[in-house]
Amino acid sequence: MLRTHTCGELNKAHVGERVDLCGWVATVRDHGGVMFIDLRDRYGVTQAIFDPTDSQEAWQVAQNLRAEYVIQASGVVEARPPAMENRKLATGAIEVRCDRITVYNKSRTPPFPLDDGEAARVSEDLRLAYRYLDLRRASLQKNLTLRNKMSLGVRECLTEKGFTEVETPILTKSTPEGARDYIVPNRLAAGTFFALPQAPQQYKQLLMMGGTDRYFQIARCFRDEDLRADRQPEFTQIDLEMSFVTPEDIYEVIDAVLASVMRASGHGDIDLPLPRMTYDEAMNRYGSDKPDTRFGMEIEDLTAIFADTSFKVFGQVIEKGGVVKAVNVKGLAGVPIRAIEDWTELAKDEGLGGLAFIRVQEDGTWKSPIVKFFSDEEQASLKKVLNIEVGDLVLFAADKPATVHAALGRLRLLAGAMAKAIPDGKFSFTWVTEFPLFENDAEGRLQVMHHPFTSAHPEDWDLLESDPLRVRAQAYDIVLNGVELGSGSIRIHNPETQARLFKALGIPDEEAQNRFGHLLKALSYGAPPHGGIALGLDRLAMLMAGAQSIRDVIAFPKTQKASDLMMEAPSTIDEKQLRDVHLEIRRPEAE
RNA sequence: GGGGGCGUAGCUCAAUUGGUUAGAGUACCAGACUGUCGAUCUGGUUGUUGCGGGUUCGAGUCCCGUCGCUCCCGCCA
């Protein structure tokens, strides 16, 4: 090694030792005679001193140091005089009096300050274009090491439980359902393509059919869909599958994995088992299938209270089988009317006719455009059910349950954030179980909510043909702070049941053979009952790190348009490469 | 595909109703300075106002288009 110590480890115990440090010049403080260099590496910062009375030669070289020069500084560790100690630095009790210096490399002036506080304010596209500089910041290095600890925790935990880590192919077959595939042209057969996996879904089921019993993989997945702050086109899943299991077994394993991840991330022990609620409960109480359970402000059902109301807006909805529900936002009575207008727009986007509200004023009176239509009895019941107090803001929605839930679910989050009701630094996990097997797509056709290999709830198979939308699946999500961390299910394990599901979906036999023939065939050779789940490692790392964006826990992330600003990918390829893979580019017609 | 925000010096930002030579802090360069740690002091350099077009006597500012970044909705079996 070119160094004897890192820049983060020297302390008073090393006083008197001769050391060699390597790193980047963070700052130069030149006093004309003595000069101070903050030398930085991944482990920390150490102050180096160059004094012409120690070594004229080294001091002379140090005169020309600039930010981000890479050097080796050699000298003797000294205790700092007590008044000169720097408590902000782990190594602040000492400094290294240097008599030798080697400049390994100069640096151009960095395009942005690498100081953690300053860099956080610099536009992200510039930082992404110079990601190798951005990565020198302590906070990004910390996130990378955190991620490593998490992966290690997962590997240890699952290996100890008898899981085998198996790699599955990256070049695989395109499946038109689900997310859009990233595709790879095949040179060896013109007009054919591989696809990058959206998830190792079918491979892991086939591993169960291969007798692997317990599989896991920290697997890269690819989806060509539009991005978000918590979505990248390529991302990493903690993917696992088990044979001869019920959902209980999956919950137990994931509970343990998450406890190990929390410990590895320095967040201490969590209580197990993690809380659970059914999908119906989540929708009713939180208006979301990924409820943020860090705070209350739950949705209350007022339909019974208004069963015989003279307020027509509510009455008519109830008559048509709709519901009236509300959220009580504590302490937000003084919210600007502008915010309520914005929320009303949002409610309308979700399909509501409008948004009714009550603001409870200082004197306890209710300020509201609708309350005059409520009977005394209705008002008394409202007050009781919603626990209405001075300073509250109550938001009402009346419509079909799904519309009411969607609107109030979003409003609860927005209003909760505005009311500062969501505590920082809290980790609130919950399982959401018994997802519906089907939902209607935009055209009203039946489609699977999870994937077409999901097994129905054992009690609900009878409804498959008669009332499919009421069929519950053996499908579950694990949710943390309102973020969907992972999703899984018990799978169908015999070909007859699988065929029955394809039929319910309106997929003809021939097409099912075409698309999933390999899986159907494997099922017919003695597939064990099996099930599994996949957790988003990037999202989990983001939450563990307290980061605002998934990009902060990925070494080389892509932008919202899926480009890598540093590599300048994607890019065009030359004509020969295109010919090799039998492709011709069709460009949009010039106007 | 739709909606919102942003784009001015290397960086972070300012620039009155459309008005004269586009400023500040920082960075950078030079000089001074032997205990700083956001070092300090003195002086100095730095602009395709993202790009293209239009309106106007005059555009950083208004209009149209376009590119990039970002947040959200759709989408993500």
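What you see is a predicted model, and the numbers here were worked out from it, not measured in a lab. The sequence lines fix the lettering, A, B, ..., with proteins before strands; numbering per chain opens at 1.
For B:C76, its base sits under 3.5 Å from the side chain of A:R231 at one donor and acceptor pair at least. In the interface, the side chain of A:D226 is paired with the base of B:G74 through a donor and an acceptor atom under 3.5 Å apart. Residue side chain A:E95 reaches the base of B:G35 through a donor-acceptor N/O pair under 3.5 Å, judged by distance alone. Between the side chain of A:D125 and the base of B:C69 there is no donor-acceptor pair of N/O atoms closer than 3.5 Å. Remark: the A:R228 side chain and the B:G74 base include a donor-acceptor N/O pair separated by less than 3.5 Å. Under 3.5 Å, the side chain of A:R97 and the base of B:G35 form at least one donor-acceptor pair of N or O atoms.
A:R127 has its CZ atom 20 Å from the P atom of B:G68, to the nearest Å. Between the CG atom of A:D289 and the P atom of B:C76 there is a distance of 13 Å, rounded to whole Å. Remark: C1' of B:G3 and NZ of A:K348 are 16 Å apart, rounded to the nearest angstrom. The distance between atom CG of A:L126 and atom P of B:A9, rounded to the nearest whole Å, is 12 Å. Rounded to whole Å, atom P of B:G38 lies 14 Å from atom CZ of A:R87. Atoms CG (A:L346) and P (B:G4) sit 15 Å apart, rounded to a whole Å. If you measure from atom CD1 of A:I49 to atom P of B:G35, you get 11 Å, rounded to the nearest angstrom. Following rounding to the nearest Å, A:M35 (CE) and B:C37 (P) show an atom-to-atom distance of 15 Å.
For A:K12, the side-chain hydrogen bond (donor to acceptor under 3.5 Å, both in side chains) partners are A:E85, not counting sequence neighbours. Remark: A:E225 engages A:R180 in a salt bridge (Lys or Arg N to Asp or Glu O under 4.0 Å) (not counting sequence neighbours). Every residue two or more places apart in sequence or in another chain that forms a salt bridge (Lys or Arg N to Asp or Glu O under 4.0 Å) with A:D38 is listed here: A:R29. With sequence neighbours excluded, no residue forms a salt bridge (Lys or Arg N to Asp or Glu O under 4.0 Å) with A:R223. The side-chain hydrogen bond (donor to acceptor under 3.5 Å, both in side chains) check on A:D292 picks up A:R294, with sequence neighbours excluded. Qualifying salt bridge (Lys or Arg N to Asp or Glu O under 4.0 Å) partners for A:R515, counting only residues two or more places apart in sequence or in other chains: A:E177, A:E511. By the side-chain hydrogen bond (donor to acceptor under 3.5 Å, both in side chains) test, A:R491 is found to be paired with A:E241, A:H451, A:S489, residues two or more places apart in sequence or in another chain being considered. With sequence neighbours excluded, the residues satisfying side-chain hydrogen bond (donor to acceptor under 3.5 Å, both in side chains) with A:D460 are A:R472.
A salt bridge links A:D51 to A:R97: one of the charged nitrogens lies within less than 4.0 Å of a carboxylate oxygen. Comment: A:R500 engages A:E465 in a salt bridge, judged by a side-chain N to carboxylate O separation of less than 4.0 angstrom.
Remark: ring of A:F36 overlaps the six-membered base ring of B:U36 in a stacked fashion, centroids less than 5.5 Å apart, planes less than 30° apart.
A:R29 has no side-chain polar atom (N or O) that falls below the 4.0 Å cut-off from OP1 or OP2 of B:U36. For the OP1/OP2 pair of B:C69 and a distance below 4.0 Å, the side-chain nitrogens and oxygens of A:S563 include at least one atom meeting the criterion. Between A:T53 and B:U34 there is no side-chain polar atom (N or O) within less than 4.0 angstrom of OP1 or OP2. OP1 or OP2 of B:C71 has at least one side-chain nitrogen or oxygen of A:R551 nearer than 4.0 Å. Between B:U70 and A:K561, no contact under 4.0 Å exists linking OP1 or OP2 to a side-chain N or O. Between A:Q560 and the phosphate of B:C71, there is a side-chain N or O to OP1/OP2 separation shorter than 4.0 Å.
Between A:F435 and A:Y279, the two ring planes are tilted [angle within 30° to 60°]. Relative ring orientation between A:H518 and A:F516 is described as tilted, the plane-to-plane angle lying within the 30° to 60° band.
Minimum atom distance to the side chain of A:Q47 is reached by B:C37, of the listed B:U70, B:C37, B:U34. Across B:C33, B:C11, B:C69, the shortest atom-to-atom separation from the side chain of A:D30 is found for B:C33. Checking B:C11, B:C71, B:G35 against the side-chain heavy atoms of A:V122 singles out B:C11 as nearest. In the set B:C76, B:G38, B:U36, the nucleotide with an atom closest to the side chain of A:R223 is B:C76. Of the listed nucleotides (B:G10, B:C69, B:C76), B:C69 has the atom at the smallest distance from the side chain of A:T559.
Contacts of A:Q447 with the nucleic acid, taken as non-hydrogen atoms under 4.0 Å apart, are absent. Counting non-hydrogen atoms under 4.0 angstrom, A:T454 reaches nothing in the nucleic acid. Residue A:D51 is classed as a base contact, given a heavy-atom separation below 4.0 Å to a base.
The pairing partner recorded for B:A32 is B:U40, the criterion being a Watson-Crick or G-U wobble arrangement whose two distances lie under 3.5 angstrom. Nucleotide B:U20 forms a pair with no other nucleotide shown, judged by Watson-Crick or G-U wobble geometry with both contacts under 3.5 Å. Under the Watson-Crick and G-U wobble criteria, each requiring two contacts below 3.5 Å, nucleotide B:G58 is left unpaired. Remark: B:C6 base-pairs with B:G68. Criterion, Watson-Crick or G-U wobble with two distances under 3.5 Å.
Residue A:D38 is the one, among A:D38 and A:Q201, whose nearest nucleotide of RNA chain B lies closer to the 5' end (criterion: closest heavy atom).
Here the separation of B:C13 from B:U17, taken at their C1' atoms, is 23 Å to the nearest Å. On the C1' atoms, B:A39 is 40 Å away from B:U61, given to the nearest whole Å.
For residues 71-85 of chain A, proximity to RNA chain B is found at A:R80, A:M84, defined as any non-hydrogen atom under 4.0 angstrom from a strand atom. Residues from residues 128-140 of chain A with heavy atoms under 4.0 angstrom of RNA chain B: there are none.
A:R40 places no side-chain N or O within donor-acceptor distance of the main-chain N or O of A:C7, the cut-off being under 3.5 Å.
Counting only residues at least two apart or in different chains, ring pair (Phe, Tyr, Trp, His ring centres under 6.0 Å) contacts with residues 470-491 of chain A comprise A:Y251-A:Y476.
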Are any protein N/O atoms closer than 3.5 Å to N/O atoms in nucleotides 23-29 of chain B? If there are, list each pair with its distance.
from  : atom 1 : to    : atom 2 : distance (Å)
B:C29 : OP1    : A:R66 : NE     : 3.1

Report task. Test side-chain hydrogen bond (donor to acceptor under 3.5 Å, both in side chains) on A:T6 and A:D41 and set out the steps. Result -> CA-CA 7 Å; A:T6 70; A:D41 64 13; 4.6 Å; no
